[in-house]
Amino acid sequence: MAQITIKNLSFAYPKSEQKAIQGISLEIHKGSFVVLCGRSGCGKSTLLRSLKPAICPFGKKSGQVFWNDTEIEEVEEKIQAEKIGFVMQSPEHQLVTDKVWHELAFGLENLGVSRREIRVRVAEISEYFGITDWYDREVDLLSGGQKQLLNLAATMVLNPEILILDEPTAQLDPIAAEHFLDTLKKINEDFGITIILSEHRLNYVLPMADQVLIMDEGRLLWDGTLAEVLKENLDSMFMKLMPYPSQVYYAVTKDNKKRMPVSIKQGRIWVESLGKKGSCIGEKHGNRENVVVDCRNLWFRYAQKERDILKNLSLKVRKGEIYAILGGNGTGKTTTLSLVSGVYKPYRGKKKIQGTVSYLPQDVQTLFCKDQVRKELEDVPEQIIRLMNLEEVLEHHPYDLSGGQQQKLGLAKVLANNPDILLLDEPTKAIDGIYKEQLGKILTELKNQGKTILMVSHDIDFCGEYADRCGLFSQGQIVSEGPVQEFFIGNQFYTTTIYKMAGAVLEGGIKKEDLICFLTEGNSISHLF
């Protein structure tokens, strides 16, 4: 018997003629690990929220969702709250209390659990997640990764049977994201809890999956094991949703019938088996003149008696280059953008900015003040609206858009100002590989027009593909920086998937195009397959 059964489910948001999801039917069995993927705005979040009526969006719904053979709307709200857990994309949107211990106890208190049992269950879950030392800490002082782990722990303390997660690592640095996903795998294996996960970091999660679902334009295109899905006739567009090792393998061999590598390890074994070895394809050099962002020895704290967030920070960004700041959650990267934009001022040090500045914040919802996408875009040129593929959602409320669509809407509003300097905080958050490539081309074109782009990102592969220079942020300052090729080759953990997969073979190669070009140049290697 299936734990979740969906029959011909469709849903449309208010004032929208197009259905967000349409005619979806599938079964999910107890204890399975399900990965849901697809382009931004394809209906993934709407489908996930339809599995928990308390957070189901408002609109017109048809079809049925069953939980253990009971229609989901007929399940008592208390049982839903306890047995169907949900972790959202943004850590801050789910936290409701001031202290870590209270956050863990909050759900149990609302379910009427006795004080004694609450103490026992909170203590037990704290030990399991290794967060006992956080017990009395202020929630606001936690990093993004810590907040998301706390959200997961606060959901797990209720002993759910199903755990639904909507892009839970979108705002996490690579190391925190892998730790979070490892914890999910452990939960699934230790307790048999069903995991239903929407995620763009497919390198890491697809090998965990028992069931893979791929959606497009509100429909379920493929449903099966990873091996079954990869053997489908995935065209070049859908291959961009797959992990980098799969993309490289397909680009080189045009073969998806054999065992396609999915993880970095599988990709490394495949590349090394080819017996080829060479040097890097080339390097990127940005404009070395005309500094337009010049920060010298900046110090900053949010309140006089609080700790310093920035400590003697120095940063130079040149006209017509893309500079990416990388680093862990809570190290001061976003604060740096706030200082460059003028939102905050340092209490020591000097800053010089040449040109107009526009800022895309990490929480793009702070840019929205209208009740309709069309109204938000009143001052945005038509070509930018088309570029961001927003024509079909003009009648939607901005908050009804997917995370990726909200990113596009925010960027459209920022680009409408035609700034000289564009500040981007996590611009690839919650977006798929197809739009990510489009975004990279947009940023490259802006750079070619003489625009300067300073971005903060956890997306190492995106930075490796499109940045000119990168800086690693730690303890309130940049501890290393350099041209993108040199920067990533010098790092062990903060480096690209391609370098991890083929660094020993393709010396100096950090980009997907490097490896594809290297493996296909000269004599054909088709005889190897």
Side-chain angles (χ1 to χ4, degrees), residues 55 85-110 118 122-123 125-126 129-158 165-173 175-177 179-180 183 298-311 313 325 327-341 343-347 359-368 399 403 406 410 423 425-426 429-430 456-458 473-477:
I55 58 172
F86 199 104
V87 177
M88 299 178 182
Q89 180 184 120
S90 175
E92 287 80 7
H93 291 174
Q94 198 161 346
L95 298 170
V96 294
T97 67
D98 56 345
K99 299 278 190 179
V100 169
W101 70 265
H102 198 188
E103 192 70 32
L104 294 172
F106 184 78
L108 295 172
E109 291 172 345
N110 280 277
I118 289 175
V122 167
I125 206 73
S126 298
F129 280 89
I131 60 175
T132 305
D133 292 343
W134 308 356
Y135 204 71
D136 293 312
R137 291 181 64 180
E138 298 282 344
V139 169
D140 289 344
L141 299 181
L142 300 179
S143 71
Q146 290 171 329
K147 288 177 179 177
Q148 198 66 307
L149 194 61
L150 175 58
N151 281 329
L152 180 59
T155 303
M156 282 296 299
V157 78
L158 302 177
L165 305 100
D166 189 7
E167 298 285 354
T169 71
Q171 297 187 30
L172 305 189
D173 65 74
I175 295 173
H179 176 55
F180 185 91
T183 303
L298 301 187
W299 291 76
F300 176 82
R301 62 171 74 109
Y302 285 102
Q304 188 172 1
K305 294 184 179 180
E306 290 185 1
R307 67 180 180 90
D308 287 311
I309 305 299
L310 301 183
K311 306 172 184 178
L313 168 69
I325 299 176
N329 291 100
T331 55
K333 304 184 302 298
T334 293
T335 302
T336 298
L337 292 190
S338 296
L339 263 68
V340 173
S341 69
V343 172
Y344 296 118
K345 294 183 179 180
Y347 72 82
Y359 181 20
L360 180 70
Q362 186 173 139
D363 185 0
V364 293
Q365 290 186 357
T366 59
L367 297 177
F368 307 150
Y399 284 18
Q406 289 183 353
L423 308 180
D425 196 350
E426 298 294 348
K429 180 186 70 177
V456 163
S457 180
H458 292 314
F473 219 91
S474 179
Q475 301 298 315
Q477 59 182 279

In Å, rounded to the nearest 0.5 Å, how long is the span from [atom1] of [X] to [atom2] of [Y]?
{"X": "T97", "Y": "L150", "atom1": "OG1", "atom2": "CG", "value": "7.5 Å"}
{"X": "L423", "Y": "L360", "atom1": "CG", "atom2": "CG", "value": "9.5 Å"}
{"X": "E426", "Y": "L172", "atom1": "CD", "atom2": "CG", "value": "9.5 Å"}

Under the criterion side-chain contact (heavy atoms from CB on, under 4.5 Å), I'd like the reasoning laid out for I131 against I125: C-alpha separation, chi angles, the key distance, then a yes or no. CA-CA 8 Å; I131 60 175; I125 206 73; 5.7 Å; no
Given side chains that start at C-beta, do those of [X] and [Y] come closer than 4.5 Å, heavy atoms only?
{"X": "K333", "Y": "Q362", "answer": "no"}
{"X": "N151", "Y": "M88", "answer": "no"}
{"X": "F180", "Y": "L165", "answer": "yes"}
{"X": "R137", "Y": "K99", "answer": "no"}
{"X": "L339", "Y": "L313", "answer": "no"}
{"X": "L104", "Y": "I118", "answer": "no"}
{"X": "L310", "Y": "F473", "answer": "yes"}
{"X": "V139", "Y": "V96", "answer": "no"}

For L149 and H179, the nearest pair of non-hydrogen atoms, with its separation, is CD2-NE2, 4.0 Å
So, for R301 and R307, which heavy atoms are closest and what is the spacing to 0.1 Å? CB-O, 3.3 Å
Any donor-acceptor N/O pair, [X] side chain to [Y] backbone, under 3.5 Å:
{"X": "D173", "Y": "N329", "result": "yes"}
{"X": "K429", "Y": "S457", "result": "no"}
{"X": "Q89", "Y": "A170", "result": "no"}

Stepwise side-chain contact (heavy atoms from CB on, under 4.5 Å) test for S338 and Y359: CA-CA 8 Å; S338 296; Y359 181 20; 3.8 Å; yes
Please assess D363 against E92 for the test side-chain contact (heavy atoms from CB on, under 4.5 Å), listing each intermediate value before the final yes or no. CA-CA 10 Å; D363 185 0; E92 287 80 7; over 6 Å; no
Under the ring pair (Phe, Tyr, Trp, His ring centres under 6.0 Å) test, which residues partner Y344, sequence neighbours left out? F300, Y302
